[in-house]
Every structure is written in structure tokens, then in C-alpha cells.
Amino acid sequence: MSAADNIATILSSGARLTIPLAFAACGEYVAQRAGTLNISVEGMMLGAAFGSIAVASATGSATIGLAAGALVGVLVAVLHANLSHRAQINTFVVGLVLNALVLGLTSYLITISSFTGHQVWRVDIPVLRDIPIIGPMLFVQRWPAYLLLIAIPLTWWLVERSRWGLELRAVGENPQAADVSGIRVNHRRRQALLFCGLLAGLGGAYLAVGEVGSFNQNMTAGRGYLVIAAVIFGAWRLGRTMVGCAVFGLADAMRLALPALGVTINSQLLIAAPYLLALLAMLVFATQHREPRALAKPFQRGTT
Amino acid sequence: MATLTGPDPAGRRLLARLTPGPGGWQVTAATVVTVAVALGLSALLIAVTGGSPSASVQALYQGSMASPRAWSNSLLYVAPLLLVAVGACVSARSGFFNIGQEGQVLIGALAGAWVGLRLALPGPLLLVVVLLAALLAAGGWAGLSALMYRFRGVNVVVSTLLMTFLAQQLVAFAVNTPWLLQESRLGTGVVSPQSNPLPENARLASLGEYPNLQVNGGLILAVLIAVAISLAMTRTRWGFRLKMLGLNPVTAQHAGVRVGALGGMALAISGAFAGLAGALLLTSPIGSHRLQPGMSLNLGWDGLLVALVARNNPLLAIPVAVLFGVLRAGASFLAATGVPSFLVDVVKALLVLAFVAPPAVIALLRRRRAGGEPAGTPPPTGGLPTPTPSTGEPAAAGTEVPAIDVPEASGSDKTGSDKTGNGSTGSEKTTMEGRPA
């Protein structure tokens, strides 16, 4: 294999590892802009991955499985939204418990059931895929990957250009002021969480019925936390968040590919790199007030 | 609590804050119902998936409580669970909510293994040094989060969470690196990613012979610490300040509490206890007395759940930790009945929901009944005033307050109310939200 082939392989595997992160990061980005530091994104992805395979196995259609996975993500989000933005239970507590619940439930169910593998079909564009280096990365992917081309601009437009997004950002920056001006703060936050659940669900489902074609216990293995790290690393800007996802995906691809190519690397450092980068980003951005000012602060009228 | 009366209306409002939670008996009754629902759902899950709920309960009992041997197994897990939970209680009370215990457990084990394998100290001195090293290392690890918050305003929950993954990789690195802690090669044998076993004199002794009831020294240590912390939290000035800090950081600051220092200390203490739990995993017969990447056994996450169920009360954490230890030990017997041991994880998560939800939902219903305007009735959970942290220069950092909330602000102990001579200052709700930073 030539060097160009190696690079193309790593890039294309990096892209495959990035896509689930990118879906979920779009959702997490919206949730965080509305002020919810949503750590149940891990549970949303894991539940969706399981749901997609279970439904795909039952119906025989990977596409229906994908949709079902997204719905499971929304289901987890509904639970989170109502517990944390209606009953006012601390959002981290809710997230931890939901993650534990989904992990336990999916591990339990996968142990006693056997599913047939299903995978959505692959897009393979004849001429473009032969472009050296970037061809396989861009033009040979499972078809839902191309939903990202809709999801990312849609997320950007929703948050930055729509009235809903304006109110969403107001809720994330200054919920008191938003409340006074007639925005239903917790309502908006719940909606943002549902959007997050939908996209995190798509990401998790893509991981299962898109990339792997099956489900195994604790399949996401902390990818949800990686998504949180990506949003922080991206300083709460959508574009940079996506760059963060790409960097993290590429680091993962290099960890998997480089030893086979005879390059010795410190795999622990590569695994830890995303979290380290996110921490460093927070340290750097701290003085620049990049984060939504009401991030992770519950809102209840009349209690400041 | 209807029984509380303050010196004046303002004082009474403060008392209401210090003992949050609407009508005790309603919460208790609702909790009984939700726990029943949680257990019912678990049984339903077993039944629907073709298992037998009664056989599962039987297996859980057999594995955890049926014989002295089973109890010995259960109690082994109780000690680390309890230590993690006590630490979590301290940090949650202070409002500096630490969720990185899983990593802190590993850091404690890492430091303990390093010291235990590198220092040749005589007799039980080595054990003491191992435990102290774990305490200090994990305390310092959690203290890093406090520093990041104090000087750069980094959210404590996020930094402790992210550092968990760093800790995991740090341990993986240590046991994969020959000049660090990887086991030494014996002959031509394969070297595993684990450390050498700790020397005999660095292991915790147990009381009792194994086939009969055996109580490891770690459990005694953990219970003593739980009692001590409970006393410190309810009977000392430090404990009162901690509570005040968690309930209203701004008020606490006006009352002379050094927010960064006290909160940082709470965080370091919670990390230190998690680290001690890690050292117990290393020195008690749970594992193989070796440092291994997966040795934390999710006890860090579970300990956090214990604290949530115990509503941040270290004394209540003792029975809850026993319950979780029992579930953990019983899980190994479940598989024989055809029910996956993961069932226990579902039960644990549902139990936590059953304990966390009732106070919040009852408070929600009360707010609804009051017409949606909760003026004067403080939120029982999660709704603490959290002013915007000024994330700027260290010079301005003295005004910083935690950007996070306690899940359950307080237990049901009323000792705080005995010390509210300065109550009127505390009742003023300081509005700082939306202040230009």
C-alpha cells in the first residue's frame, strides 16, 4: 500500500468514527445552548443503538431500525426533560441515573436475546470515489451519513436564524430575562432536549445499523461523553464543535490504524486526548465567556 | 416541617430552607410507593423476558445473605461503596458536585500500588502509607478540579467527569509501561497489563475465618469515617458552613465563608475518600491485590448512586451501601437462574429514581396547586440560587460561587436549625443572576 492509500484509509475510517459523534454533537450543542449540560447523551446514543438493531431485526429493515433508534433517543430525552426541567431534579443526577438505567437495561436485554445483523446500504459514487485520498472518505459511506448534510445546516439555521433559536439562546444565556419577556424557559429547554434526543438517537442508531451492523454490550463506550467534550472543545460554536468531532474521530482512527502500519504510538494518550483537549479548551475559554451563561443552572420562576 | 418555628418570619423562612422538602410523611409515603413500583417493574422485566422473579430473588438472597460466607462477600463491597458515598455526600452538600469518583478510585489505587510496590517498609507501616498515599493522591486529583474552578471558573461537574477518563488512561498507561507499574516478567511468561501483587504486609487484615463471617478491616474503617463525617456535618461549625455554602453560596459568602476554599476542601475530601476506596480495592480481598485497569468495578459510579439514595446523609448511606453491596454480591448468583446479572444494574437505577423523584414531584404538585407561583416556597431540590460565577481574574475570584447545584440540598436532620441565630441574613434571597460579568 502506498502512503496515499494509507492516508486515505485512515481518513475514511476517521470519517466513519466521526459521523455518530457529529450527529449527537449537533443535538448536544442545541441542548447546551439552551442551558442544559446534558450528560444523558450517552444513554440516548446507547439506547438508540440497541433500539435500532432490535427493531431492524424484528422488521427486517435497517431503515426502520434507524428511525426507531432515533425515537428511543427521544424517549430518553422525554424522561430527562420532564425529570429535570419539570420536576426540577438536578440535571446531572438525572443524566447519571438515565445512563445507568439504559446501560443496565440494554446489557440485560442483549444478553437474553439474539438479533440478526442489519445494515443500511452503502452509497458508492462511481467516479468520485476514485479521487485520491479524500474520495473514499467523502463518497463511500452508508446513506444516513449524508443526513449530516441536512442536520448540520438545519441545526445552525434553527439556533442562529430562527425565532425559536433566538429564544433558545436567550433561555441559555439569561433565563430570568427570557421569562420576563414571555418565553417559557423550561418549555424551551425541554424542546431543546428533545431535539438533542432525536439527533443523539440518530447518532447511536447510525453506529449500530450504519457502521457495525449489530449491537454489543456497552456499544457506545463513552462516546456520549466524547460528544460533550466536543461541544466544549468547540466553545459552543457549531462549526468548531464539528471540527472537534472530526479531530476526535481521527484520533480514534489513528489509534486503530497506526499499530497495523508499524508505527508505535501511545494509545492511552490518543484515547485521553479528547478529554484533555476539552479540559484545556475550558481553561483557555474560561475568561472569554464563551459558554452559555446559564449553562447547567436550573430555572424556576421566583427563585432567582 | 411544620414543627419548626423560628424567631421571626425571616428566620422561619431560613429554617424552611435548611430543612427543605415538603411534608415529610407525603414524601415518605410516595417513596414507599415508588420503591414498590421500581421493584415491580424489575420483576415485570424478569417475567416478560422469560425468567422467574421469585427464583431471581432467591438467587440474589443465596448469593448475598444466605450464609456467613455470602455475607462476607457482600460486606467486602460495602466498604468501598460507603467511602465513595460519604465523599459524595460531602461534595454534594457543599454544592461542589463531584461526579468523578470512578476516576478518583483509580487514582487512589494507582498511588497505593505505586507506594506499596516501591517502598519497602516494615510491617503494617506499609499498609498505612499505602492508604495515606491513595487518600492524598485522589484528594489532590479532585483538588485539581477545585483549582480549575477557583482560578478559571471551569464547571466542577464537567471537569470531574472529564478527568475520570484521564484517570482511566493514566492507569492503563501505568500498567502497560514496564518502567512504571507493569508486572515483571517471570521467565518467558506473557506479561499482562497489570501490576505485581502487593506484598503481604500491605494487605488489610480481616476479622474471622473465611467460610464463616469475615469482616475486612476496610469496612470498619469506612463505617468509622461515615460516622465521623456525619458528626462533623451536623455538629460542627465546619458542617454548618458546608451546608450554608450548598444552600446559598452568596449568603454563605456574606456570612464570611471562603467559598473557594471551603468548596475546594469539600471536593478534595470527596476525592480523598474515593481514593481510599480505591486503596481498599487494592488491599482487601476483593481483587487480586494488583493494580488493573478495570479494578474499579464501577464502584465509583455506584457509590455516587448510594449517596443519591441516601439523600446525602452519610449515616443513611451505611444501610444503602449494604443494600448495594448485597445486590452486587447477589448478582453473581443470578446468572445460574438464566437471568443476566445486569438485572441488578437496572434495579439499582430504578431504585435511585424511586428515591430521587418523590420529593421533587410532590414539590411540583404543590407549586401547581399554588397556582404556579411558588413565591416564598423554596424549591426542595435542585432549585438553589446559583449566581453567575465570575470567571474572570483571580482577583475577582473571591466573589465566585459554585455554578452547580446539590441534588438534594439537605437531609432531614434539624441540627442546622439550632444554629441560626444569624438567620435573618440568610433569608434574603440575593439576586445576582444576569449580572453583567
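Residue numbers begin at 1 in each chain, while the letters A, B, ... track the order of the sequences. The shown structure was predicted, so the numbers you read here are calculated from the model rather than taken from an experiment.
Phe173(B) pairs by the ring pair (Phe, Tyr, Trp, His ring centres under 6.0 Å) definition with nothing, not counting sequence neighbours. With sequence neighbours left out, the ring pair (Phe, Tyr, Trp, His ring centres under 6.0 Å) criterion links Phe233(A) to Phe248(A). Val180(A) pairs by the side chain to side chain contact (heavy atoms under 4.5 Å, CB included) definition with nothing, not counting sequence neighbours.
Interface remark: Leu351(B) contributes no atoms to any contact with chain A (heavy atom separation under 4.5 Å). For a residue to count as touching a neighbouring chain, one of its non-hydrogen atoms must lie under 4.5 Å from one of that chain's; by this rule Leu170(B) does not touch chain A. Contact of Val158(B) with chain A is made through the side chain alone, with heavy-atom distances under 4.5 Å. In this structure, the portion of Asn176(B) lying under 4.5 Å from any heavy atom of chain A is its side chain and not its backbone. Contacts of Leu364(B) with chain A are made by side-chain atoms alone, with heavy-atom separations under 4.5 Å and no backbone atom involved. With a 4.5 Å cut-off on non-hydrogen atoms, Leu343(B) touches chain A through its backbone and its side chain both.
Atom CG of Leu103(A) sits about 11.0 Å away from atom CH2 of Trp301(B), to the nearest 0.5 Å. Atoms CZ and CG, from Phe92(A) and Asn155(B) in turn, are 5.0 Å apart once rounded to the nearest 0.5 Å. Note that the CD1 atom of Ile99(B) and the CG atom of Leu96(A) stand 5.0 Å from one another [nearest 0.5 Å]. Atom CG of Leu166(B) is separated from atom CD1 of Ile271(A) by 11.5 Å, given to the nearest 0.5 angstrom. We find the CG-CZ distance between Asn218(A) and Phe342(B) to be 9.0 Å, quoted to the nearest 0.5 Å. Expressed to the nearest 0.5 Å, how far CG of Leu45(B) lies from CD1 of Ile112(A) amounts to 7.0 Å.
Nearest heavy atoms, Val97(A) versus Ala349(B): CG1-O, 3.6 Å. In terms of heavy-atom proximity, Arg152(B) sits nearest to Val284(A) at NH2-O, 3.7 Å. Considering every non-hydrogen atom in both Ala87(A) and Ala360(B), the closest pair reads O-CB, 3.2 Å. Between Arg367(B) and Arg86(A), the shortest heavy-atom contact is NH2-O, 3.6 Å.
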Take Leu37(A) and Val157(B) through the test side chain to side chain contact (heavy atoms under 4.5 Å, CB included) and record every step on the way to the result. CA-CA 10 Å; Leu37(A) 216 168; Val157(B) 181; over 6 Å; no

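Side chains of Tyr225(A) and Thr164(B): no donor on one and acceptor on the other come within 3.5 Å.
When the heavy atoms of residues 181-189 of chain A are compared with those of chain B, none of the residues falls under 4.5 Å.
Annotation: maximal heavy-atom pairing with chain A below 4.5 Å, among Val339(B), Leu304(B), Val346(B), Thr177(B), occurs at Val346(B).
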